[in-house]
Amino acid sequence: MDKTYFISQSTSLTLVITISLIFTIVGLIYSKKYQGINNYLTANRNIGFFSLTTSLIASALGAWILFGPASAATWGGIGAVIGYALGTAFPMIFLISLGKKIRTEFPKGSTLIEFLRKRFGKSLFKLILLMTVFYMFVFLCAEVTAVAILINYISGTELWVTSLIILIATLAYTLYGGLRASIFTDNIQMIVIVALLLISVFYLTLFTGDQFSFSFIKEKSPHLLSASYIPNYTAGLTFFIAVAATNLFHQGNWQRVYAAKNNDVLKKSLIVAFIVIIPIVFFMGFSGLVAVSANPKVIPDLGFFSLLLSEQTEFLSLIIVILGLSLTISTVDTLVNAISSLIVVDGKATLNLDKKTNYLTLSKYFIVALSIIAFAIASKGFSVLYLFLLADLFCCAFVLTVFYSFYNKKLNEKTAYISIIIGLIGGFLLFPAPDFSKSLLVGIILSVDTFPAFVSQSLLFLSFIIATFLPMIFWKIKGSKK
């Protein structure tokens, strides 16, 4: 028996092509008058409050918010929802002081890696560059895969069709217009995203009766709100640490730090972005709590959709498609330009190519190659969650060492390098296998029975905690011996 979809493939395909084409044309036309390497990398350091704020929010909120927070909430409870929301927004607050510091000390910079290259030697900076590119590539794969799966779920459109259209459209205007095009299209996309999210909030709060409430969750799934439910704490901390750490290495954020017209604009934009992001991510996670309370057998990734599309409403299906496309394109163009900028700025110090090499052109070839791989992954519908968690682990091992070094000049390259490696080794030993039942240390090197039940049940949480804080313990031990 054929599955009944919410809208037809022809309608879905028309929407995908139309919306992608609109953003492509708008991006190309707008950026035509803003050419040059300064506009490509930092939008000529002249972005005002409104544009910077909408761009920060639109870039932070990809299609993942339609799946991730709701999915985490179904098993991690209210703690996971709070952790996800705060983890996504936290970098905005952190960048207020750190962004001002970097803009003051390195006013002509355009990447975080560029700053670290001045701070450390080539060995560590190359490791950080590799990790940053890997993380953003995984993010790119996740975004394209997410929107392809979403549109396949709603209309049955094959994954490769959506993936191909999204990638070609976004590459067309982003590789031409750079950061300037990305920020301008983000402004439009953010207006669309907010409008569609408000429609979703209005529907879920008005037409689901008492279901969309804490009292309903407390009645049906009280453990998800219980102070004695351990995952409320472990999941909350896991997502806060992982999401916050990865976003601090997001080159798209650092480009926007440098693109701000002045420090006052940067501060105001980051504060507003922080305030806006929290309720949006919290709302998406809360929908997962309601969904699993209404139907314990709900597919976690589809928690939000199971509520919004419960009546097979065509209008709401169209809303979801447009919302998913806007979220994805706004994030993909940020990632494309962010990776490209790293190659342009830091490629020369890394690759030792001929002096005549045009690194801007090289970066575009590199991005196209990565996009082909991302297309292959998205077309197959592979789950990138595990790869995403692995990228999170890398960021956790780097985060304290890298950002502590901004404030402590005594932390030398050798100490920093060793501490990161120790964090990675410790994290890997407890990082769960794909089935989350064991890890290298727990279940392979040593029997699962050797450890308390809490350890085997909290491998992801413990791996992130150890990867994050083991480097700091190493500094303290090393410092106390001097």
Side-chain angles (χ1 to χ4, degrees), residues 68 71-72 74-77 79-80 83-84 87 123-124 127-128 130-132 134-135 137-139 141-142 228-246 248-249 300 382-404 411 414-481:
S71 177
T74 61
W75 60 270
Y84 231 126
S123 296
L124 183 56
L127 185 65
I128 298 170
L130 179 64
M131 182 276 296
T132 304
F134 172 65
Y135 153 63
F137 169 67
V138 172
F139 199 166
C141 292
S228 61
Y229 184 54
I230 298 301
N232 268 326
Y233 304 99
T234 56
L237 283 170
T238 297
F239 286 112
F240 175 78
I241 292 170
V243 177
T246 51
L248 285 173
F249 286 103
F382 294 142
S383 172
V384 294
L385 173 61
Y386 190 75
L387 197 58
F388 224 143
L389 293 173
L390 185 60
D392 289 344
L393 181 73
F394 271 78
C395 292
C396 287
F398 279 79
V399 66
L400 289 184
T401 299
V402 169
F403 292 102
Y404 178 67
L411 186 63
K414 182 178 179 181
T415 301
Y417 200 100
I418 294 173
S419 68
I420 288 171
I421 297 300
I422 288 174
L424 282 172
I425 292 172
F428 272 124
L429 284 172
L430 287 171
F431 190 71
D435 63 0
F436 289 82
S437 66
K438 60 186 177 182
S439 73
L440 187 60
L441 178 64
V442 182
I444 296 179
I445 295 177
L446 297 174
S447 170
V448 172
D449 297 333
T450 308
F451 302 88
F454 172 76
V455 173
S456 59
Q457 293 167 7
S458 310
L459 290 174
L460 186 64
F461 165 71
L462 292 173
S463 67
F464 283 176
I465 289 291
I466 287 174
T468 302
F469 294 105
L470 199 57
M472 185 173 67
I473 295 172
F474 175 75
W475 316 327
K476 298 296 183 183
I477 294 174
K478 194 172 189 304
S480 65
K481 291 180 179 179

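Each residue takes its place number in the sequence, starting with 1.
For the atom pair CG (L440) and CG (L459), the distance works out to 11.0 Å, reported to the nearest 0.5 Å. Within the model, atoms OG of S228 and OH of Y233 stand 7.5 Å from one another, a figure rounded to the nearest 0.5 Å. L390 contributes atom CG, which lies 5.0 Å from atom CZ of F431 (distance to the nearest 0.5 angstrom). Atom CD1 of residue I473 and atom CD1 of residue I422 lie 10.0 Å apart, to the nearest 0.5 angstrom. Taking CG of L441 as the reference point, atom CD1 of I425 lies at 13.0 Å (rounded to 0.5 Å). Put simply, CG on L393 and CD1 on I466 are 10.0 Å apart, with the number rounded to the nearest 0.5 Å.
Between A142 and F388, the shortest heavy-atom distance links the atoms CB-CE1, 3.3 Å. Closest heavy-atom contact between P471 and A467: CD-O, 3.3 Å. When all heavy atoms of G423 and A397 are compared, the pair lying nearest together is C-CB, 4.0 Å. Between L430 and S463, the shortest heavy-atom distance links the atoms C-CB, 3.7 Å. In this structure, A235 and A80 approach most closely via the heavy-atom pair CB-CB, 3.9 Å. Across F461 and F454, no two heavy atoms sit closer than the pair CE2-CZ, 4.2 Å.
Side chain of T74 to backbone of S71: a donor-acceptor contact under 3.5 angstrom is found. Remark: side-chain polar atoms of T238 are paired, donor with acceptor, to backbone N or O of T234 under 3.5 angstrom. A donor-acceptor pair under 3.5 Å is absent between the side-chain atoms of S458 and the main chain of V455, judged by distance alone. Panel note: side chain S439, backbone L429; a donor-acceptor pair is recorded below 3.5 Å.
A parallel orientation is assigned to the rings of Y84 and F239, their planes being inclined by less than 30° (bins at 30° and 60°). Taking the six-membered ring where tryptophan is involved, the planes of W475 and Y404 are essentially parallel, since the angle between them stays under 30° and well short of 60°. The aromatic rings of F394 and F428 lie perpendicular to each other, with more than 60° between the two planes, well past the 30° mark.
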side-chain contact (heavy atoms from CB on, under 4.5 Å) between L248 and C395, worked out: CA-CA 9 Å; L248 285 173; C395 292; over 6 Å; no
Would you check, one step at a time, whether the test side-chain contact (heavy atoms from CB on, under 4.5 Å) holds for F398 with L127? CA-CA 10 Å; F398 279 79; L127 185 65; 3.6 Å; yes
For I420 and L124, run side-chain contact (heavy atoms from CB on, under 4.5 Å): C-alpha distance rounded to whole Å, both residues' side-chain angles, the deciding distance at 0.1 Å, then the answer. CA-CA 9 Å; I420 288 171; L124 183 56; 3.7 Å; yes
What verdict does the side chain to side chain donor-acceptor pair (under 3.5 Å) test give for T401 and S419, after you've listed the backbone C-alpha separation in whole Å, the side-chain angles of each residue and the deciding distance to 0.1 Å? CA-CA 7 Å; T401 299; S419 68; 3.1 Å; yes
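F451 is not listed as a side-chain neighbour of S456, based on a closest heavy-atom distance of 4.5 Å or more. Using a 4.5 Å heavy-atom cutoff, the side chains of F134 and L387 are in contact.
F403 has its ring centre less than 6.0 Å from the ring centre of F249.
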